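Working notes for the structure below.
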Amino acid sequence: EDQVTQSPEALRLQEGESSSLNCSYTVSGLRGLFWYRQDPGKGPEFLFTLYSAGEEKEKERLKATLTKKESFLHITAPKPEDSATYLCAVQARRIFNKFYFGSGTKLNVKP
Amino acid sequence: DAGITQSPRHKVTETGTPVTLRCHQTENHRYMYWYRQDPGHGLRLIHYSYGVKDTDKGEVSDGYSVSRSKTEDFLLTLESATSSQTSVYFCAISESVGGSTDTQYFGPGTRLTVL
């Protein structure tokens with residue numbers, strides 16, 4: 001069964017304290033893995049798409065990496081404005097018109 | 001930002017009443033999706049559409065129906081709302097599936113409360 005597990009559920013960081021969020025997945029043939037950011041009361045905002053193991057993408061203080069079983073979202077020197085819930089989703093090759101989402105990691109960065 | 005709007009943004013209704021949520025896009029994307037988001041469950045797919053009048057079920061489709069008569073509009077209907085359908089509903093669009101442009105973009109959401 002295709003599934004996505006994100007950890008931790010919640011993470012508190014001090015401003016400038018780097019850390020990583022984890023997305024573990026089980027899927028029969030990965031087509032794509034997606035990271036989103038969601039602010040309270042808003043829809044998910046697209047961050048990255050990763051397609052194959054070893055691939056990395058960066059955007060400002062965020063860097064996403066992918067292995068055959070998991071993805072990490074590394075946050076370097078976070079700022080309070082990085083506080084949000086980060087969602088991970090996978091797309092399977094055999095049913096590529098369906099996407100499976102994790103429950104998210106709620107990040108709180110304190111000044 | 002992708003041109004996606006949802007209406008209404010908030011709705012309170014009573015058990016047993018019909019409810020229709022609307023998603024409108026200005027991107028001319030082929031694929032449209034309805035999700036619900038509940039604490040501890042993440043986003044779960046209700047229905048999706050791969051073209052005008054072409055729709056299919058997702059993992060939590062019971063109690064919901066959809067229609068797409070125009071490329072830009074995707075309607076989600078709760079025929080007889082129940083309290084278990086209290087949730088936040090998100091519409092998403094993607095340009096294609098099976099290619100490099102299959103990233104989904106989400107609307108702002110509709111918060112539905114069924115009393």
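Side chains are part of it too, since the values below use all heavy atoms of this structure and drop only hydrogens, waters and symmetry mates. The shown structure was predicted, so the numbers you read here are calculated from the model rather than taken from an experiment. Sequence lines set the chain letters: A, B, ... in the order given, protein chains first and strands last, and positions in each chain run from 1.
Listed by first and then second residue, the side chain to side chain donor-acceptor pair (under 3.5 Å) pairs that reach into residues 72-84 of chain B are B:Thr20-B:Thr77, B:Arg22-B:Asp73, B:His24-B:Asp73, B:Ser65-B:Glu79, B:Lys70-B:Asp73, B:Thr82-B:Ser84, sequence neighbours excluded.
Rounded to the nearest 0.5 Å, atoms OH (B:Tyr33) and CZ (A:Phe99) are 4.5 Å apart. The distance from the CD atom of B:Gln104 to the CZ atom of A:Phe46 is 11.0 Å, given to the nearest 0.5 Å.
Contacts of B:Arg9 with chain A are made by side-chain atoms alone, with heavy-atom separations under 4.5 Å and no backbone atom involved. Heavy atoms of B:Gln37 lying under 4.5 Å from chain A belong exclusively to its side chain.
More than 12 heavy atoms of other residues, nucleotides or ligands lie within 6.0 Å of CZ in B:Arg44, so this atom counts as buried by the packing criterion. Residue A:Arg61 qualifies as enclosed at atom CZ: its count of foreign heavy atoms under 6.0 Å is above 12.
Note: the hydrophobic cluster containing B:Ile4 also contains B:Tyr50 (ILVMFWY, side chain heavy atoms under 4.5 Å, direct or indirect links).
Taking the salt bridge (Lys or Arg N to Asp or Glu O under 4.0 Å) definition, one finds that A:Glu15 meets it with nothing, sequence neighbours left out.
Per-residue counts of heavy-atom pairs under 4.5 Å with chain B were compared for A:Gly32, A:Pro44, A:Ser103, A:Ala89; the largest is that of A:Pro44.
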